[in-house]
Amino acid sequence: MSFTIGLPCFMSARVATSLNPSQRAAVEHEHGPLLVLAGAGSGKTSVVTQRIARLIERGHPARSILAMTFTNKAAGEMFERVARLVGAQQGRDLTVSTFHRFGLTVLGKETRALGMRGTSFAIFDQADTSGVVREILRTVKTGKNYDIGAILARISAAKNAFLDADEWAKRERESRGLDDYDEIASIVYPKYQSALKSFQAFDFDDLICEVVRLWRKRKDVLDKWRQRYRFVIVDEYQDTNHAQLELTRLLVEEHKNVCVGGDDDQAIYAWRGADVRNILDFQEHFPGAKVIKLEHNYRSVGAVLDLANAVLQKQPGRRHKKTLMATRDKGPRVEVIVAADPDVEAAFAANEIQKALEEKGLRPRDCAILYRSNLQAQPLEAALKERQIPYRMIGGQQFFERKEVKDLLAYLRVVLDPEDEMALRRIVNYPARGIGEAALAKLTSYATAKDTTLWHVVSKPYLVNEFPAVAMDGCRQLLRITDGARQRLAKGEPSAQVLRYLAEEIKLKEDIIAGSTTTPAAQRRWNNIEGLFVLFSRRDEQGKGGGEDLIDYLRFLTLQRDDGDEEAEDKVTLTTMHGTKGLEYKLVFVVGLEEGLLPHARTLGDRATDIPLEGAHSLDEERRLFYVAVTRAKDKLYLCRSRVRLARGKMMPRTISRFLQDIPPDLYDEREVNAPEAPPLEKTVAGASALLAALSSAPTTGEAPLMMRRRR
């Protein structure tokens, strides 16, 4: 999300207050490169926002400042903090944006420089890119089943290194040799790029990489953006990849006014392409850089910080040395729990949470259970349900990736741009109107033979020989619906009303009810659509129109992620260690501290799956992941492991994690737990009923098959 705000300069008394000397030095720094090494809980966001306010106070125009981070939630929080510091929220000059949102803005304004046909282009989300690769694999006919995510990860790595398929394969062959996934990725990659081009589409990587390519080719375009942004601030710099480094470097190469904040000790996203060397080598990339360390921790008690510091003492890899210093008292000692099995481990955590809620006045939202793999969640869920403790799981399906949401937005995309072939293929036979795969294949073949667009053939299906009458009628239905919506937009009807019109015409609510297993499941899915109506209504209330402005808004929605929008709910958090980055809780349980889980077996395992959804990259990164988990705890921390765990269908003995072994025993108390107290019978019965109800109401989703063709 990109936020802008006009800022008056009257806040000198409100800026840089209550800062320690290191924080104040970072806020006061004005010109030249600056690296702010911010340890966990050291007030980095406050420093960044106060630095922005200070720059404006000193007379630098707000429009000349660009702040980039990685999530919409972080961008929104930064925007709100700056707004509180500077007072009035008039004007729209300061840009606070995610990297991808900024890239989308540049591409949207530079379509002519990119040599694109018109201003229309599509953004492929994860489901779209997976569909493209899945279709390519069908045509390649390898005879093997491949993990599409692992292939896309390799394509992403090649893109962000600005390498084509041959260059990437050569580099990998010379550095470590090629495995089966490397080989198939090198085959799929050029076909994948051709597919994107045929759809006139960009994937998420392109939103950065294509900007860099353009700026490298067209200095006049680069100069325009350099003149606009004279101060660039990058948050969570340890999470940047090579392409994001290049974008930043190009933008600030002349004025050198770049400030980055981050912590190499919290670099845990190498499997997404993040390169910790960017922050380690900052002074080489930006000569003359000033380095300021923020080491005072304002989050955790001393006992937690002592243990956190110990976690990194045996880190063999390169790092910026930092020691977290407590500003709070020592607090309760950390406890290491050795459980008989995973069910005992889960029951212990649930019982301790229940005691904290009933005896210590904590709220469910104050508590979190962290694990390395989602496979560990099942017994934890069951234990919380048995005790009727409300919980939420971070990492579920994103709002804008839900089928019903994507279906309705695809209709609107086709209304605005009939040549958006990906959207057209999604809706051409949804709801079913007789245009099945065979009929769609006929339409596609005719369009290819005549070198025209799929929409042109859908709008004139009578041109196709032996085209089924039922499919021809389906094409007419689709035209009637989309033409009706187009006419409404042309008359100035608000976008939310047009969206409601589309939902009614395709009988979306009826389809959701028919396709859901239970009434609550149907209601949840329809609530998603109602939420979409509210979102567009808010946009309409801001006076935004249709046309290109609405197309830009749909592109923006493709980038949206649910960055903890449920955080305010009063529920215990269950999440992977990766999912908890940036969060904090009064009571934290880190479970599964065993070899094979942390560090994960994939750290030293088969390279064919070494880039999973939340995967292992190296032992160094696994240790940093443990450090991140530990530093989420504010008041009380439990570190738990199990003596046995299910593997290959039977309970197997487990070995204590090397990271836990490395911690001096005088920093924690250890105790064995064999059979913790069970919850009262009435809670067990109620919990079991709730669990059965939840399992029976799980919603189902589906995706239409994708067939690709060239877009004119």
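All figures in this text were calculated on a predicted structure; none of them were measured in a lab. We use all heavy atoms of the structure for the numbers below, so side chains are in, but hydrogens, waters and symmetry mates are not.
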Between Arg154 and Tyr189, is NZ or CZ placed under 6.0 angstrom from the six-membered ring centre and within 45° of the ring axis?
-> no
Between the CG atom in Leu196 and the OG1 atom in Thr129, the distance rounded to the nearest 0.5 Å is 8.5 Å
Distance-only, no hydrogens or angles: does the Asn278 side chain make a donor-acceptor pair with backbone N or O of Thr240 under 3.5 Å?
-> yes
Would Tyr237 and Phe282 count as a close aromatic pair, with their ring centres under 6.0 Å?
-> yes
Rounded to the nearest 0.5 Å, what's the gap from CD1 on Ile529 to CG on Leu508? Could you check?
-> 5.0 Å
Short side-chain to backbone donor-acceptor contact, Asp206 and Glu210, under 3.5 Å | no
Classify the side-chain pair Asp483/Gln487 by whether it contains a donor and acceptor separated by less than 3.5 Å.
-> no
Indicate yes or no for a side-chain donor-acceptor contact from Asn72 to the backbone of Thr98 under 3.5 Å, with no hydrogens or angles considered.
-> no
For the atom pair CG (Leu478) and CD1 (Ile427), what is the distance rounded to the nearest 0.5 Å?
-> 5.0 Å
Measure from NZ or CZ of Arg488 to the centre of the six-membered ring of Tyr501 and say whether it is under 6.0 Å with the direction within 45° of the ring axis.
-> yes
Is Lys406 salt-bridged to Asp125, going by a charged N under 4.0 Å from an acidic O?
-> yes
Taken to the nearest 0.5 Å, the spacing of Arg486 CZ from Leu412 CG works out to 10.5 Å
So Phe204 and His100, would you call those rings parallel, tilted or perpendicular, with 30° and 60° as cut-offs?
-> tilted
Does one side chain, of Thr452 or Tyr446, offer a donor that lies under 3.5 Å from an acceptor on the other?
-> no
Between Asp223 and Lys219, is there a salt bridge with N-O shorter than 4.0 Å?
-> yes
Is the closest side-chain donor-acceptor distance between Thr575 and Arg392 under 3.5 Å?
-> no
Give a yes or no on whether the backbone of Lys507 and the side-chain of Asp511 come within a donor-acceptor separation of less than 3.5 Å.
-> no
With a cut-off of under 6.0 Å to the ring centre and 45° to the axis, is Arg555 in cation-pi contact with Phe121?
-> yes
From CG (Leu443) to CG (Leu463), nearest 0.5 Å = 10.0 Å
Ring centres under 6.0 angstrom apart (Phe124, Phe202) | no
Decide side chain to side chain donor-acceptor pair (under 3.5 Å) for Thr444 and Arg425; before the verdict, give the C-alpha distance in whole Å, the side-chain angles of both, and the deciding distance to 0.1 Å.
-> CA-CA 10 Å; Thr444 301; Arg425 288 180 176 279; 3.2 Å; yes
Arg249 atom CZ: more than 12 heavy-atom contacts under 6.0 Å = yes
Chi angles and distances behind the side-chain contact (heavy atoms from CB on, under 4.5 Å) call for Val498, Phe536 | CA-CA 10 Å; Val498 174; Phe536 276 78; over 6 Å; no
Quick one: does Thr69's side chain have a donor or acceptor within less than 3.5 Å of a partner on Ala74's backbone?
-> no
Taking the side chain from Asp420 and the backbone from Asp417, do they hold a donor-acceptor pair closer than 3.5 Å?
-> no
Is there a donor-acceptor pair under 3.5 Å between the side chain of Asp540 and the backbone N or O of Ala496?
-> yes
Does a donor on one side chain and an acceptor on the other come within less than 3.5 Å for Glu236 and Gln238?
-> yes
For the side chain of Arg230 and the backbone of Arg226, is there at least one donor-acceptor N/O pair under 3.5 Å apart?
-> yes
Using 30° and 60° as the class limits, which term best fits the ring planes of Trp271 and Tyr269: parallel, tilted or perpendicular?
-> perpendicular
Is NZ or CZ of Arg216 both nearer than 6.0 Å to the six-membered ring centre of Phe162 and within 45° of the ring axis?
-> yes
Supply the atom-to-atom distance Ile233 CD1 to Ile52 CD1, rounded to the nearest 0.5 angstrom.
-> 4.0 Å
Consider only side-chain N and O atoms of Asp205 and Ser156, and report whether a donor and an acceptor are under 3.5 Å apart.
-> yes
Does a side-chain N-to-carboxylate-O contact under 4.0 Å join Glu504 and Arg500?
-> no
Glu110 side chain to Trp225 side chain, donor-acceptor N/O pair below 3.5 angstrom = yes
Do you see a donor-acceptor pair shorter than 3.5 Å between the side chains of Asn241 and Asn160?
-> yes
Modelled atom types, side-chain donor and acceptor of Gln50 and Ser46, under 3.5 Å | yes
On the ring face of Tyr430, is Lys403 found with NZ or CZ under 6.0 Å from the centre and within 45° of the axis?
-> yes
